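Below: one structure, written as structure tokens.
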There are 2 protein chains.
Amino acid sequence: MTVQVDEMDRKILRALQEDASRSLDEIAREVGSSKTPVWTRIRKLREAGIIGRQTVILDAEALGLEACFFVLIRTSEHEAEWQQTFLAALRARPEVMEAHRLAGEIDYILKVRVPNARAYDAFYQALISEVRIYNVTALLSMEEIKSTPLLPLGQAPSKS
Amino acid sequence: MTVQVDEMDRKILRALQEDASRSLDEIAREVGSSKTPVWTRIRKLREAGIIGRQTVILDAEALGLEACFFVLIRTSEHEAEWQQTFLAALRARPEVMEAHRLAGEIDYILKVRVPNARAYDAFYQALISEVRIYNVTALLSMEEIKSTPLLPLGQAPSKS
DNA sequence: CCTGAAAACAGACCCCC
DNA sequence: GGGGGTCTGTTTTCAGG
């Protein structure tokens, strides 16, 4: 299921990331090709899952989601069963926007978007009542300096 | 420039986040309205900046961006000039996908996407040569458990 | 593999309710 | 402010070079 992604594909992906609302014609012009070939490539990239969801970026603050926390989690449990419960809980909660398992001292990091600190506390209480966690540190964002959905496709190497 | 966002607007925003490629008709049907009113609302939300960029979510791993780091930064500098330099550096680097200024012990957190650990080191070296930083901890992601661009609009309160 | 045309389709804007 | 229709441009498909 691995697809070869060449430089033309990367140009198309860059253009789509930037603005997916433009017409095929515009994108074709920007990447220096023409409608049909670009369309064929987009279709292939979609089928391969390299192009995923098409979405719009919304203004979280304007929608009342004014608090953003990064949550550092240490656990003493490392059994498969515990992990399954934990992961399921994270995936089920929409306020968890990112969750990563880490190498090193800290086991997990979450990014959590909520209306306010009270809502974060409710989330936190619910989480620790569902799964045993050894240690939690919450980092409160004071200012979103940067947040981009654009992957750095500038000169990243493609998989061989 | 603050716009009142009512429940119908929220429904539309939820639908657009989920899949921005659907037609106006489909979205209108989903939210229980019709083409024109939905279109008018979308236009207003766009003009108000609540709806931002339209984009596609790409598969980072498939595109050779196999490493993701969360970087915790402490600094001793808190003058405006230093901060300006630092923020400009972060915004200029495409591998920095998120940057937040934090409350508490740790001053900043970054999310950095790169092809591999070597590329991260190159980024790190470049950054510390541009600005003085007191202490840096890099957390390496072993597994992306969850990553969603969808804001939790379920029952978030709107701004009064 | 690209070009160009043809068909189905959706977005933008209208007037009427 | 919502409903429906129309015109224009875009997506998608297909035949041919």
Side-chain angles (χ1 to χ4, degrees), chain A residues 1-59 62-64 149-151 153 158-160, chain B residues 1-59 62-64 149-151 153 156-160:
Chain A
M1 192 69 175
T2 308
V3 169
Q4 268 292 27
V5 177
D6 65 14
E7 193 44 45
M8 178 57 79
D9 289 325
R10 288 181 163 269
K11 277 193 196 164
I12 294 169
L13 293 173
R14 255 174 261 147
L16 282 178
Q17 276 203 122
E18 283 283 345
D19 184 356
S21 74
R22 280 173 307 174
S23 73
L24 260 185
D25 270 325
E26 275 177 283
I27 287 163
R29 212 172 324 117
E30 176 166 334
V31 304
S33 181
S34 187
K35 242 167 30 164
T36 314
V38 169
W39 189 82
T40 314
R41 281 162 185 269
I42 290 176
R43 162 188 278 276
K44 268 198 224 117
L45 291 164
R46 257 204 274 263
E47 275 164 14
I50 291 171
I51 297 178
R53 185 197 294 276
Q54 182 159 342
T55 190
V56 291
I57 305 303
L58 304 181
D59 181 338
L63 294 165
L150 307 181
L151 292 176
L153 296 181
S158 49
K159 261 205 118 159
S160 51
Chain B
M1 191 70 176
T2 307
V3 169
Q4 269 290 28
V5 177
D6 65 13
E7 192 43 47
M8 177 57 79
D9 289 323
R10 291 183 161 266
K11 276 193 196 164
I12 294 169
L13 293 173
R14 254 173 263 150
L16 282 179
Q17 276 202 122
E18 284 281 346
D19 182 356
S21 74
R22 281 173 306 172
S23 74
L24 261 184
D25 272 324
E26 275 177 283
I27 288 163
R29 214 174 322 117
E30 176 165 334
V31 304
S33 181
S34 186
K35 245 180 6 178
T36 313
V38 170
W39 186 79
T40 313
R41 281 161 184 272
I42 290 176
R43 163 188 275 274
K44 268 197 226 120
L45 291 164
R46 257 205 275 264
E47 275 164 14
I50 291 172
I51 297 178
R53 186 198 291 277
Q54 181 158 343
T55 190
V56 290
I57 305 304
L58 304 181
D59 181 340
L63 293 165
L150 306 182
L151 293 176
L153 295 182
S158 50
K159 262 205 118 164
S160 51

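Worth knowing before you read on, the calculation uses all heavy atoms, side chains too, and leaves out hydrogens, waters and symmetry mates. By convention in this document, chain letters (A, B, ...) are assigned in the order of the sequence lines, proteins followed by strands, and residues within each chain are numbered from 1. Worth saying up front: this structure is predicted, and the values here are computed from it rather than measured.
- Closest approach to the Ser33(B) side chain among dG3(D), dG1(D), dC2(C) is made by dG3(D) (side chain taken as heavy atoms from C-beta onward).
- Using a 4.0 Å cut-off, no side-chain N or O of Ser34(A) falls inside it from OP1 or OP2 of dG4(C).
- Rounded to whole angstrom, the span from the CD atom of Glu47(A) across to the C1' atom of dT12(D) amounts to 14 Å.
- Classification of Glu7(B) and Lys11(B) as a salt-bridged pair fails, no side-chain N sitting under 4.0 Å from a carboxylate O.
- Take the nearest nucleotide of DNA chain D for Ser23(A) and for Met8(B): the residue whose nucleotide is more 5' is Met8(B).
- Atom CZ in Arg41(B) sits roughly 5 Å away from atom P in dG2(D) (whole-Å rounding).
- The distance from atom NZ of Lys35(B) to atom P of dC7(D) is 13 Å, rounded to the nearest whole Å.
- To the nearest 0.5 Å, atom CD1 of residue Ile50(A) and atom CZ of residue Arg41(A) are 12.0 Å apart.
- To the nearest 0.5 Å, the span separating CD1 on Ile42(B) from CG on Asp9(B) amounts to 9.5 Å.
- At whole-Å resolution of the value, CG in Asp25(B) and C1' in dT11(D) are 16 Å apart.
- Among dT13(D), dG11(C), dG3(D), the nucleotide with an atom closest to any side-chain atom of Arg43(A) is dT13(D).
- Of the candidate nucleotides dG3(D), dT12(D), dG4(C), dT12(D) has the atom nearest to the side chain of Trp39(A).
- Between Thr36(B) and the phosphate of dG3(D), there is no side-chain N or O to OP1/OP2 separation shorter than 4.0 Å.
- Spacing between atom CZ of Arg29(B) and atom P of dG4(D) amounts to 13 Å, rounded to whole angstrom units.
- What separates CG of Leu24(A) from P of dT10(D) is a distance of 10 Å, to the nearest Å.
- Counting to the nearest Å, the P atom of dC1(C) and the CD atom of Gln4(A) are 13 Å from each other.
- Distance, Arg46(B) CZ to dA12(C) P: 7 Å, rounded to whole Å.
- A pairwise comparison of heavy atoms in Met8(B) and Ser33(B) identifies CE-CB, 4.0 Å as the closest pair.
- Within 4.0 Å (heavy atoms only), Lys44(B) reaches sugar-phosphate atoms of the nucleic acid but no base atom.
- Interatomic distance, Ile51(B) CD1 to Leu58(A) CG, rounded to the nearest 0.5 Å: 6.5 Å.
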